[in-house]
Amino acid sequence: MIRIVLVDDHPVVRAGLRALIDGQDDLSVIGEADGLDRALATVTADRPDVVLMDLSLGAGAVGGADVTAALRALDEPPEVLVLTTYDTESDILRALDAGARGYLLKDAPPDELFAGIRATARGETVLAPSVAATLVRRTTPGATPITEREVEVLELLSRGLGNKEMARELFVSEATVKSHLSHIYTKLGVDTRAGAVAAAIERRIIRT
C-alpha cells in the first residue's frame, strides 16, 4: 500500500483527490495539510511514501516549493509529487530544485495521476508532457536559456519594480541588475522592460 499525504489549501480539492485516490486498491490517503506547519507535523507523524503537493497555498502563505524543500530536509523525507495548475518555467524549476520527484498538472486524467503516484513512490521522475517540453527547450542545442536569477528579475519587472528596488530585493548591486537586464533583453530579443515582460509571459517563463 502506498501511503499519501495531500497538501492543498482548498478543502474541496483535497476531498475530491481523497475520493479518487482511495478508490485504488494500492493507494491510501493517510493525511491532509493546508500549509507548511501542518504538512511538517503530518508528514513527521504519519511517514507517508508520497506527498501530493500544490504550489499555491493561499495568499501570504509559504509556497509549495518552499514546503517541498522543508519536507525533503527531514531526516526521513517523503517523495514529493507536485500537482498544480501552474506550468511556467519559473514554477517548474523552483519545484524541482526544491526536491520534487515529479510535476503533474491538475487537468491530468485520473489514471495518469495514479500512475504518477506509483512511479513517484518507486523513486522515478514523473513529468506532465508540457512540463517535459519546457525542460527540453531549456536544453536544446544552440538555445540560450533564461537562468533562474533572470527569471527572478523578470518576475520583479512584472511587478513594476525599478532597478534600485530590484537590487534591494535580490541583495545585489544596481550594476548587477542592469547586467541581468541586458542579458534578458538579448535572450528574449527585446529592448524594453515592457517587451521583456510580455515576451516572458508569452513564452510561459513567468506567470501573468
Side-chain angles (χ1 to χ4, degrees), residues 7-9 35-36 39 51 53-73 80-107 125-208:
V7 180
D8 194 298
D9 63 320
L36 175 61
V51 172
M53 177 73 64
D54 190 13
L55 289 186
S56 179
L57 299 175
V62 175
D66 290 329
V67 177
T68 296
L71 294 179
R72 293 296 297 163
V80 177
L81 175 60
V82 169
L83 182 67
T84 187
T85 57
Y86 302 118
D87 63 351
T88 61
E89 190 172 302
S90 58
D91 289 308
I92 295 165
L93 293 177
R94 283 188 186 130
L96 297 181
D97 285 346
R101 177 68 65 179
Y103 198 113
L104 294 179
L105 301 178
K106 285 185 175 179
D107 61 1
T125 298
V126 180
L127 299 174
S130 64
V131 172
T134 295
L135 297 177
V136 167
R137 282 197 301 271
R138 287 184 60 83
T139 58
T140 300
T144 306
I146 298 291
T147 67
E148 289 183 56
R149 175 62 81 174
E150 289 164 355
V151 169
E152 291 179 312
V153 171
L154 282 164
E155 289 178 331
L156 295 177
L157 269 183
S158 71
R159 288 165 46 191
L161 272 64
N163 289 2
K164 183 178 293 188
E165 294 167 308
M166 286 193 286
R168 190 179 304 117
E169 287 272 343
L170 299 172
F171 301 100
V172 298
S173 68
E174 286 188 63
T176 298
V177 169
K178 291 177 181 177
S179 177
H180 286 315
L181 288 174
S182 176
H183 292 150
I184 288 169
Y185 291 169
T186 298
K187 291 177 181 180
L188 297 181
V190 299
D191 54 13
T192 66
R193 300 162 77 90
V197 171
I201 291 171
E202 180 182 359
R203 300 184 193 185
R204 305 198 64 76
I205 296 171
I206 61 173
R207 298 182 203 169
T208 54

Count the heavy atoms belonging to other residues, nucleotides or ligands that lie under 6.0 Å from NZ of Lys106, then report whether that count exceeds 12. yes
Could you list the donor-acceptor pairs under 3.5 angstrom formed between side-chain atoms of residues 200-207 and any protein atom two or more places apart in sequence or on another chain?
| unit_1 | atom_1 | unit_2 | atom_2 | d |
| --- | --- | --- | --- | --- |
| Arg203 | NH2 | Leu188 | O | 3.1 |
| Arg204 | NE | Asp87 | OD1 | 2.9 |
| Arg204 | NH2 | Asp87 | OD1 | 2.3 |
| Arg207 | NE | Asp91 | OD1 | 3.4 |
| Arg207 | NE | Asp91 | OD2 | 2.8 |
| Arg207 | NH2 | Asp91 | OD1 | 2.7 |
| Arg207 | NH2 | Asp91 | OD2 | 3.4 |

Does Glu165 pair with Arg159 as a salt bridge, N-O distance under 4.0 Å? no
Evaluate the side-chain proximity of His180 to Thr147: yes if any heavy-atom separation is below 4.5 Å, no if none is. no
For a salt bridge (charged side-chain N to carboxylate O under 4.0 Å, His left out) with Arg94, tell me which candidate from Glu155, Glu148, Glu89 qualifies. Glu155
Applying side-chain contact (heavy atoms from CB on, under 4.5 Å) to Ser173 and not counting sequence neighbours gives Ala175, Thr176
NZ/NE/NH1/NH2 to OD/OE distance under 4.0 Å, Arg149 and Glu152: yes
Does Thr68 use its side chain to pair, donor to acceptor, with the backbone of Gly64 at less than 3.5 Å? yes
Shortest non-hydrogen contact from Ser90 to Val151? CB-CG1, 3.1 Å
Go through the structure and list residues passing side-chain contact (heavy atoms from CB on, under 4.5 Å) with Thr125, not counting sequence neighbours. Arg101, Leu127
How long is the straight-line distance from CG of Leu93 back to CD1 of Ile146, given to the nearest 0.5 Å? 11.0 Å
Between atom NE2 of His183 and atom OG1 of Thr186, what is the distance when rounded to the nearest 0.5 Å? 7.0 Å
